[in-house]
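Here is the structure we will look at, set down as structure tokens.
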Amino acid sequence: MLIRHSQQGFEPPKSSEITPQAAYMQRRALMQTLAGGVAGAALASWAGREALAATERPGKLAALPASPSKLAGAVSMERNTSYADASSYNNFYEFGLEKSDPARNAHTLKTRPWTVRIEGLVQNPQTLDLDSLLKLAPMEERIYRLRCVEGWSMVIPWVGYSLAELLKKAQPLSSAKYVEFITLADKKQMPGLDSRVLDWPYTEGLRLDEAMHPLTLLAFGMYGEVLPNQNGAPLRLVVPWKYGFKSAKSIVAIRLSDKEPGTAWNKAARNEYGFYSNVNPDVPHPRWSQASERRIGEDGLFAKKRKTLLFNGYADQVASLYAGMDLKKFY
């Protein structure tokens, strides 16, 4: 990797001298260097967006091209979790209760043909196939922190677009206040449905303003490729300021209503999993603290837990959604 110096500052090497991976590493190094300077914050943001364009594909599945997101808060500057960890350490109970079960069992999931119904309190109810959904809005790459309620976390580069793009197409009625997400439940494809740990199908829900927030992502891929089955193919929700279980996988229906929908974990253990489930280090789970987290991939002997941030570090973007609310009561 070559970085020349000139009287004007950094001079980028000729494109023939570097590989795409080297270019990515160069941009990251430049970002870290500039971040310590007077104009560090602005230049680091620029460099971070540039680095996204070179996110290295794992070469496992079909490519899903995307442009770097320019949305505030959509680009974490933390090191990405490895694809190997993100695709093998999963909670997807439809394919088994152990973390390794989804990667082992989800090959039975058929992701085509696939349709999603948008129904309920909308002006324009419709059913869209996967190809129509993929073309509905430009794809963006967003690097989000993912915090699991179990006390571990990852950093994942997702590919998709804001859920609001789809909801606007359906035109919510003025009476709509909530959005329910209904996932696939097919025993022929999902061996974990024999378990009674949850009430199937898995359902989740958001307030309409949460669902319309630009950070709420309808994801079709990660690491520059289509989603692996075990990560919620062919499309899933990603709500980065909430615990991971709020981000429903393998969605088949989206329903708008005027009443708070029942959600899978809230119905299973209401005192443990509230409807909002915002990441909050000051509200412990009844069986463990939420003040810190273990970053997957940082499991060495001297690895320290990280402090958990309110709203998973997205407070600047989403805190206004909860102005005046008691976050301990509405957990």
Side-chain angles (χ1 to χ4, degrees), residues 86-87 90-99 101-103 105-120 122 125-130 132-134 136 146 148-149 156 158-161 163 166-167 170 178-208 210-211 216-222 226-240 242-257 259-269 273 275-277:
S87 61
N90 308 109
N91 284 326
F92 201 171
Y93 283 5
E94 288 89 333
F95 295 102
L97 303 183
E98 299 298 325
K99 295 291 186 292
D101 285 346
N105 298 329
H107 64 277
T108 57
L109 178 64
K110 295 179 175 62
T111 59
R112 282 184 180 270
W114 194 279
T115 59
V116 177
R117 306 186 314 274
I118 300 94
E119 58 191 25
V122 294
Q126 56 198 278
T127 298
L128 298 173
D129 63 21
L130 183 57
S132 297
L133 288 163
L134 287 167
L136 189 142
L146 171 69
C148 181
V149 73
I156 297 177
W158 302 102
V159 177
Y161 51 76
L163 174 66
L166 177 58
L167 295 180
Y178 295 92
V179 185
E180 181 181 15
F181 303 90
I182 302 165
T183 67
L184 182 69
D186 184 347
K187 288 189 176 182
K188 294 180 180 178
Q189 301 182 57
M190 297 172 155
L193 294 181
D194 289 333
S195 166
R196 296 183 179 181
V197 66
L198 292 172
D199 181 20
W200 309 113
Y202 192 97
T203 56
E204 256 305 334
L206 298 172
R207 244 175 26 198
L208 181 58
E210 295 177 316
T216 301
L217 184 69
L218 193 61
F220 299 84
M222 59 189 233
V226 298
L227 286 170
N229 285 4
Q230 61 267 28
N231 290 89
L235 76 162
R236 61 169 291 167
L237 194 67
V238 183
V239 192
K242 294 178 180 287
Y243 293 117
F245 68 86
K246 293 293 292 184
S247 295
K249 303 179 177 76
S250 301
I251 296 169
V252 295
I254 298 173
R255 181 180 299 143
L256 281 77
S257 68
K259 295 180 176 60
E260 182 179 294
T263 64
W265 281 104
N266 186 244
K267 288 185 287 186
Y273 307 102
F275 174 79
Y276 286 93
S277 292

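Since this is a predicted model, take the numbers as computed values, not measurements.
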Return the minimal non-hydrogen interatomic distance between F95 and D101, and the atom names on each side.
-> O-CB, 3.3 Å
Judged by atom type as modelled, is there a donor-acceptor pair below 3.5 Å linking the side chain of S250 to the main-chain atoms of A233?
-> yes
Which pair of heavy atoms, one from T216 and one from V239, lies closest together, and at what distance?
-> CG2-CG2, 4.1 Å
Could you walk me through whether V226 and V159 pass the side-chain contact (heavy atoms from CB on, under 4.5 Å) check?
-> CA-CA 8 Å; V226 298; V159 177; over 6 Å; no
Ignoring hydrogens and angles, tell me if any N or O in the side chain of N90 forms a donor-acceptor pair with the backbone of K99 under 3.5 Å.
-> no
So CG of L218 and OG of S247: to nearest 0.5 Å the spacing works out to 11.0 Å
Taking the side chain from T115 and the backbone from T127, do they hold a donor-acceptor pair closer than 3.5 Å?
-> no
Which residue pairs pass the salt bridge (Lys or Arg N to Asp or Glu O under 4.0 Å) test with at least one member in residues 179-188, sequence neighbours excluded?
-> E180-R255
Please assess L227 against R236 for the test side-chain contact (heavy atoms from CB on, under 4.5 Å), listing each intermediate value before the final yes or no.
-> CA-CA 9 Å; L227 286 170; R236 61 169 291 167; 3.7 Å; yes
Find the distance between CG (L217) and CG (L163) and round it off to the nearest 0.5 Å.
-> 9.0 Å
Verdict with supporting geometry, L206 and F181, side-chain contact (heavy atoms from CB on, under 4.5 Å) | CA-CA 8 Å; L206 298 172; F181 303 90; 3.9 Å; yes
Between Y161 and F220, what is the ring plane arrangement, given parallel below 30°, perpendicular above 60°, and tilted in between?
-> tilted
Between M190 and L109, is any pair of side-chain heavy atoms under 4.5 Å apart?
-> yes
Heavy-atom pair of closest approach, residues I251 and V116 = O-CG2, 3.5 Å
Hey, does the Lys NZ or Arg CZ of K249 hover above the aromatic six-ring of F92, less than 6.0 Å from the centre and inside 45° of the axis?
-> yes
Show your reasoning for whether side-chain contact (heavy atoms from CB on, under 4.5 Å) applies to V197 and Y93.
-> CA-CA 9 Å; V197 66; Y93 283 5; 3.8 Å; yes
How far apart are the closest heavy atoms of S87 and Q230, and which atoms are they?
-> O-NE2, 2.8 Å
Can you tell me how far the CG atom of L193 sits from the CG atom of L184, to the nearest 0.5 Å?
-> 8.0 Å
Listed partners of K110 passing salt bridge (Lys or Arg N to Asp or Glu O under 4.0 Å), at least two apart = none
Find out whether T108 and P191 are in side-chain contact, i.e. whether some heavy atom of one side chain is under 4.5 Å from a heavy atom of the other.
-> yes
Closest heavy-atom pair and its distance - I118, A170 | CG2-CB, 3.4 Å
Here the gap from Q189 atom CD to N105 atom CG, rounded to the nearest 0.5 Å, amounts to 13.0 Å
Find the distance between CG (L97) and CG (N91) and round it off to the nearest 0.5 Å.
-> 9.5 Å
Taking atom CG of D194 and atom CD of E94, what is their separation to the nearest 0.5 Å?
-> 12.0 Å
Sidechain-backbone polar pair: W200 side chain, S195 backbone, donor-acceptor under 3.5 Å = yes
Using a strict cut-off of less than 4.0 Å between a Lys/Arg side-chain nitrogen and an Asp/Glu carboxylate oxygen, indicate whether E210 and K242 qualify as a salt bridge.
-> yes
Looking only at heavy atoms, which two atoms of K246 and Y276 are closest? And how far apart?
-> CE-O, 4.0 Å
Any donor-acceptor pair under 3.5 Å from T263 side chain to E204 backbone = no
Side chains of P261 and F275 in contact at under 4.5 Å (non-hydrogen atoms) | yes
Keeping the roles fixed (side chain from N231, backbone from A86), state whether a donor-acceptor pair exists under 3.5 Å.
-> yes
Measure up the F245 and Y243 rings against each other and bin them: parallel (under 30°), tilted (30 to 60°), perpendicular (over 60°).
-> parallel
